Colleague: 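Dropping the structure in here first, questions after.
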Protein chains: 2
Amino acid sequence: MPSVRDIARMAGVSPATVSRAINNHPTVGKEVREKVISLMNEKRYVPSVGRRQITNIAFAYADDISLGSPFDAALMHGMSECMERFEFDLMVLDLKRVLQPHETYSQMFIRKGICGAVLRTSSQSKKVCERIAAEGFPSVVVGERFDNPLVNFIYADSRRSSREAVEHLINLGHRKIAVGLNVVEDSDHLDRLQGYKDALAAHQLSFDSRLVLQVPARRDGGEQFIRRLEVMPDRPTAVYLTDPVAAVAAMVEAQRRGMRVPHDLSIIGFDDAQLRFLTFPRMTAVCQDAREIGMAAFAALQSLIAEAKSTRRVQRVLGTEFEVHESTAVPPVLRHEGVSIAM
Amino acid sequence: MPSVRDIARMAGVSPATVSRAINNHPTVGKEVREKVISLMNEKRYVPSVGRRQITNIAFAYADDISLGSPFDAALMHGMSECMERFEFDLMVLDLKRVLQPHETYSQMFIRKGICGAVLRTSSQSKKVCERIAAEGFPSVVVGERFDNPLVNFIYADSRRSSREAVEHLINLGHRKIAVGLNVVEDSDHLDRLQGYKDALAAHQLSFDSRLVLQVPARRDGGEQFIRRLEVMPDRPTAVYLTDPVAAVAAMVEAQRRGMRVPHDLSIIGFDDAQLRFLTFPRMTAVCQDAREIGMAAFAALQSLIAEAKSTRRVQRVLGTEFEVHESTAVPPVLRHEGVSIAM
DNA sequence: TGCTTTATAGAAACTGTTTCAGAAACAGTT
DNA sequence: AACTGTTTCTGAAACAGTTTCTATAAAGCA
């Protein structure tokens, strides 16, 4: 584990200059700074205080929305639960705010005494994660999947469960099934769309893009979804909403407009917490365990930090579970034909 | 701002010993350690690295439940929003886990390079907060109120709003109103009970302790509440539940058991996020703004850190808001007498 | 008494950071 | 061409905290 003085010797400069490079002082020449930073990434420099190494782990997010949702809270919960046995401490960082102009991400992390980062991202900030990975800083992304082999990530793939969910609807007799997708096309929402398409294909049903409605992953998104659904000619009898809050809000909005759930409209939602038990009727949903993702992310990061080699990649895909509750039933049309109501 | 060497000189020991005292090395004598720690608290020692002062703020919680709830997520959201303009970073700490045997809290904070802490607590860990305050470490408690003049806190008093809420029920015609309290008797839950009593007293209604049900502040607590309500002789026509999740769960459970809300049972809940809009019907609720509390807590802590004097106290009480939505109506008895239904 | 063990603490060597001072390059003036 | 002043960049030194090695004093035991 090289020190600032080691890096200084390798770069042919003084320790003071290396320190200034880390801390983004404007008085350091561009070539010198770049040389120092790349050397530090290459040699896996970790800051210390005195003879003690600093061991902070960052929970870093790039979007304003990120902090404050139950998903993030559960992620942190899982992380901190795993961290108890280690001497790590958890720091919460807003990447956009802490990054100074002309500063590398590695540089910023080192400046803050961080030796590894769990990156919480959406599709909007995927580039940021790729850049951090390219810089060689130990990091694990949660919430997105990457084709880029350099990026480490823990990801819950909901395609299969989504297919199960939609097949459940098809088996109940639904033929016209709408999907509510996030306006931001994250990997996970696209997975869910794929699962939807898989189910249709498996049952020889054709895909109709008019049944895919993009709404914000918020309460008003779910409400908007139902309003748009209501004015559709030949209204769908079932829907799959891929965001927890939007799903619950849609269920509420449907009921507010006089539709009975699941009697008039079957709803499948998505849940990463306990929301599915807090609706009436209880919400049939595709479920992911955010706490488990947080725990897996920390475990991966920990092993990345432990092995000094930068070669290893962690690209782990967890599953999701489809849970049948009470917001799905036989569609109204079939019910007139004497089919028993499965509630 | 004294350095380790200054403290060492004052205590008549070497810098090495002071460092060991901070880091809880077992080789330091008891008297020496105590002398060093008390000197550091007295002289307001803040750790540095090189010539730069360390500026970490802790979000410290003492109960296992604490992290992971929307309330905590919203608190942190508010804090980090305020922190952006300052050079502070946010660290998340589990007080019980990070505290080493025979270690003072101040010592632990200093050891981790923390210059101030927002303490998230419930009544179970009030002693911890008082101890930290008594040690003189800059801290602000959220979520509890203290009589102890040493403790700084930001607190949302829900007594008045609770009284408004219960008076709303009384004005609708309810005479038998049950209350669901947390099994842990936090200040805020006791406030709500007081508000309930205030409302009864203002309307010359007598208080009946059998109408106060203590249930855990969780989903199953809300469910339990309804089950216990159902078997009561002369069942109450309205309830006030003082926890968000328990309130929503109770509403769902009531509906599952065939009670119509608000037709058969009026429900008032508590909300610190957006849950009241995610139920059908929308939940009439006493609301507190967790983000605002987080922001106020950070602001207070910031001013405590800025002024070196330890004399100032921050004991700020915010308000809550009572919001009428759709889960409250005229009780069934009156409805038979021809009173119009207010939904 | 003499030896060993234990508890305690200091000196020195090592982290990283900043202040002060200096070198080198460039521009403007005489 | 020579002098001055400014800007840009860097290094030496002085400072921050921590740990390893070493030393001392007290206690325990033969």
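Here the structure is a predicted model, which is why all the values come from computation and not from measurement.
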Colleague: side-chain contact (heavy atoms from CB on, under 4.5 Å) with B/S80: which residues, sequence neighbours excluded?
Modeller: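 Applying side-chain contact (heavy atoms from CB on, under 4.5 Å) to B/S80 gives A/Y61, A/L67.
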Colleague: Going by side-chain contact (heavy atoms from CB on, under 4.5 Å), name the residues that satisfy it together with B/I37, two or more places apart in sequence or in a different chain.
Modeller: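 Partners of B/I37 under the side-chain contact (heavy atoms from CB on, under 4.5 Å) test: B/R33, B/M40, B/N41, B/T104, B/Q107.
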Colleague: Does anything in residues 18-27 of chain B reach DNA chain D, meaning a heavy atom under 4.0 Å, and if so which residues?
Modeller: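 Close to the strand are B/S19, B/R20, B/N23, B/H25.
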Colleague: Which pairs, with at least one residue in residues 8-29 of chain B and sequence neighbours excluded, count as a salt bridge (Lys or Arg N to Asp or Glu O under 4.0 Å)?
Modeller: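 For residues 8-29 of chain B: B/D6-B/R9.
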Colleague: Quick one: list whatever passes salt bridge (charged side-chain N to carboxylate O under 4.0 Å, His left out) with A/R5, sequence neighbours left out.
Modeller: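 Checked A/R5 against salt bridge (charged side-chain N to carboxylate O under 4.0 Å, His left out); zero matches.
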Colleague: Classify the angle between the aromatic ring planes of B/F153 and B/Y155 as parallel (below 30°), tilted (30 to 60°) or perpendicular (above 60°).
Modeller: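 Perpendicular, since the angle between the ring planes exceeds 60°.
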Colleague: Return the set of residues passing salt bridge (charged side-chain N to carboxylate O under 4.0 Å, His left out) with A/E34 (not counting sequence neighbours), or none when no residue passes.
Modeller: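 Only A/K30 meet the salt bridge (charged side-chain N to carboxylate O under 4.0 Å, His left out) criterion with A/E34.
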Colleague: Listed by chain and number, what are the side-chain contact (heavy atoms from CB on, under 4.5 Å) partners of B/S14, not counting sequence neighbours?
Modeller: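 With sequence neighbours excluded, B/S14 shows a side-chain contact (heavy atoms from CB on, under 4.5 Å) to B/A16, B/T17, given in chain and number order.
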Colleague: Nearest nucleotide by nearest heavy atom, which residue falls closer to the 5' end of DNA chain D, A/A16 or A/K30?
Modeller: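 Its nucleotide being nearer the 5' end, the pick is A/K30.
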Colleague: On DNA chain C, nearest-nucleotide positions of B/G29 versus B/G50: which is more 5'?
Modeller: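 Residue closer to the 5' terminus by nearest nucleotide: B/G29.
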Colleague: Return the 5'-most residue of the pair B/T17, A/Y45 with respect to DNA chain C, ranking by each residue's nearest nucleotide.
Modeller: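 On the 5' side of the pair lies B/T17.
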Colleague: Pairs counted only when both distances fall under 3.5 Å, Watson-Crick or G-U: show me the 5' to 3' dot-bracket for DNA chain C, [ ] for pseudoknotted crossings and | for other-strand partners.
Modeller: ||||||||||||||||||||||||||||||
Colleague: Quick one: list whatever passes salt bridge (charged side-chain N to carboxylate O under 4.0 Å, His left out) with B/D157, sequence neighbours left out.
Modeller: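 Testing B/D157 for salt bridge (charged side-chain N to carboxylate O under 4.0 Å, His left out), a comparison that skips the adjacent residues, returns B/R145.
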Colleague: Who pairs with A/N56 by side-chain contact (heavy atoms from CB on, under 4.5 Å), at least two apart in sequence or on another chain?
Modeller: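 Checked A/N56 against side-chain contact (heavy atoms from CB on, under 4.5 Å); matches are A/I54, A/D89, A/M91, A/I114, B/M91.
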Colleague: With a strict under 4.0 Å distance from non-hydrogen atoms of chain A, what nucleotide opens and what nucleotide closes the contacted stretch of DNA chain D, reading 5' to 3'?
Modeller: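 From 5' to 3', the first and last contacting nucleotides are D/dC9 to D/dT20.
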Colleague: With sequence neighbours left out, what residues match B/E144 under salt bridge (charged side-chain N to carboxylate O under 4.0 Å, His left out)?
Modeller: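 Partners of B/E144 under the salt bridge (charged side-chain N to carboxylate O under 4.0 Å, His left out) test: B/K126.
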